[in-house]
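Lettering of chains follows the sequences in order, A, B, ..., and the numbering in each one begins at 1.
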Number of protein chains: 2
Amino acid sequence: MRELTIGELSERSGVATSAIRYYEDRGLVRSRRTTGNQRRYESPMLRRLAFIRTSQRVGLSLEEIEQALATLPGNRTPTKADWSRLSRGWRPRLDAQIAQLERLRDTLDSCIGCGCLSLKRCSLSNPGDVVAPRGPGPVFLDGH
Amino acid sequence: MRELTIGELSERSGVATSAIRYYEDRGLVRSRRTTGNQRRYESPMLRRLAFIRTSQRVGLSLEEIEQALATLPGNRTPTKADWSRLSRGWRPRLDAQIAQLERLRDTLDSCIGCGCLSLKRCSLSNPGDVVAPRGPGPVFLDGH
DNA sequence: GCACAAGTTGAAGTGAACTTCAAGTCAAGG
DNA sequence: CCTTGACTTGAAGTTCACTTCAACTTGTGC
């Protein structure tokens, strides 16, 4: 169970070293330092990075991810159950996103025929909810 | 069919005046100027704004919207059929987005039980189809 | 022991889509 | 005519999640 350098962690997680350092500045990951001040990571950090990346895919901001990570026990390495608990929180969010897009699609169906796009009548252009892109790739999320 | 000031257009479209001016700088909307250099809009601009806002909801960038708008006939006011044609292009995009989120959800279902989040096995953290690949392809991790 | 790849830092840059600001001009009601 | 609110501009600021840069230090393979 050797420790990983930031380069190794980057290669094995697929997360750029600059991003890892950025996460560390923000407190999302931790490392110990060698006598020469270089970062060394233990392997659980890989899982942590995986959680961060996956959470981003679900549309969470780093701040929200930070809050979620803060609920992990600090005194021990998180277990599968810990990660599972956090991941379960994704589900409603994901469901809501899907439902929202489906509403948009259905509305689109009924609006395409008329080409109306009236701001007054067409719920397509007059949303009650918002979809906004965020993060890498097309991720959608409801505003609040 | 009075012309609208930017304030009136803003109020009736729900788009901030600063955003309208920004769109105009980018060439997404047009206006004529009064002798005193103030903007005046004709009512079709309302529909154009509606199209822009709705397109954003579908996840399009302003640049893509700009390109879509460029296919409108320049010599006449766009008809309902024109708008309908543009809007039809939204549908596949929307479908793809929904499908993607559903895949994510299904994967989440099968991953929640195990709490794995292993970069090797869990497609949740190793999407491949969403995030643009940086560096050398998908990177895998052995258990830890 | 030395070359050189890999690591370090803080600061600045990126890009999307705006918003805010300052300082001034225009338009409409009384 | 005068006040007041709406409008004008360009420039700079905002947020998010990073990336890039420059100048320097560490760690490793031969």
Whole-Å distance between D:dG27 C1' and A:E3 CD?
15 Å

What is the distance, to the nearest angstrom, from the CZ atom on A:R21 to the C1' atom on D:dA17?
15 Å

So, are B:D95 and B:R91 salt-bridged, with charged N and O less than 4.0 Å apart?
yes

Heavy-atom check, side chain of A:V29 versus side chain of A:L69, under 4.5 Å:
no

Counting only side-chain nitrogens and oxygens, does A:Q56 get under 4.0 Å of the OP1 or OP2 atom of D:dC18?
yes

Between C1' of D:dT19 and CD1 of A:I6, the distance in whole Å:
13 Å

Given salt bridge (charged side-chain N to carboxylate O under 4.0 Å, His left out), test B:E8 with B:R2 step by step and report yes or no.
CA-CA 11 Å; B:E8 289 163 341; B:R2 244 192 73 248; 3.2 Å; yes

Roughly, in whole Å, what's the span from CG in B:L28 to P in C:dA16?
13 Å

Does C:dG7 have OP1 or OP2 under 4.0 Å away from a side-chain N or O of A:T17?
no

For the side chain of B:L62, starting at C-beta, report the closest nucleotide among C:dC18, D:dA17, C:dT19.
C:dC18

Starting at CD of A:E8 and ending at C1' of D:dG27, how long is that distance when rounded to a whole Å?
12 Å

Assess whether a salt bridge exists between A:R47 and A:E42, defined as any Lys/Arg side-chain N lying under 4.0 Å from an Asp/Glu carboxylate O.
no

From the candidates D:dC18, C:dT8, D:dG27, the one with an atom nearest any side-chain atom of A:R53 is D:dC18

Assign each of A:I20 and A:R40 the nucleotide of DNA chain D bearing its closest heavy atom; nearer the 5' end lies the nucleotide of A:I20

Just compare C:dT19, D:dG27, C:dT9 and give me whichever is closest to any side-chain atom of A:Q38.
D:dG27

Side chain of A:N37 only, please: which of D:dT19, C:dT19, C:dT9 is the nearest?
C:dT9

Does a side-chain N or O of A:R39 approach OP1 or OP2 of C:dT9 to a distance below 4.0 Å, or not?
yes

Which label fits B:F51 and B:W90: parallel for a plane angle under 30°, tilted from 30 to 60°, or perpendicular past 60°?
parallel

Please give, in whole Å, the distance from D:dA17 P to A:E63 CD?
8 Å

Quickly work out the A:Y22 OH to C:dA12 P distance and round it to whole Å.
17 Å

More 5' along DNA chain D: B:R33 or A:Y23, using each one's nearest nucleotide?
B:R33

So, is A:S18 near the phosphate of D:dT20, with a side-chain N or O under 4.0 Å from OP1 or OP2?
no

Write down the distance between OH (A:Y41) and C1' (C:dA6), rounded to a whole number of angstrom.
13 Å

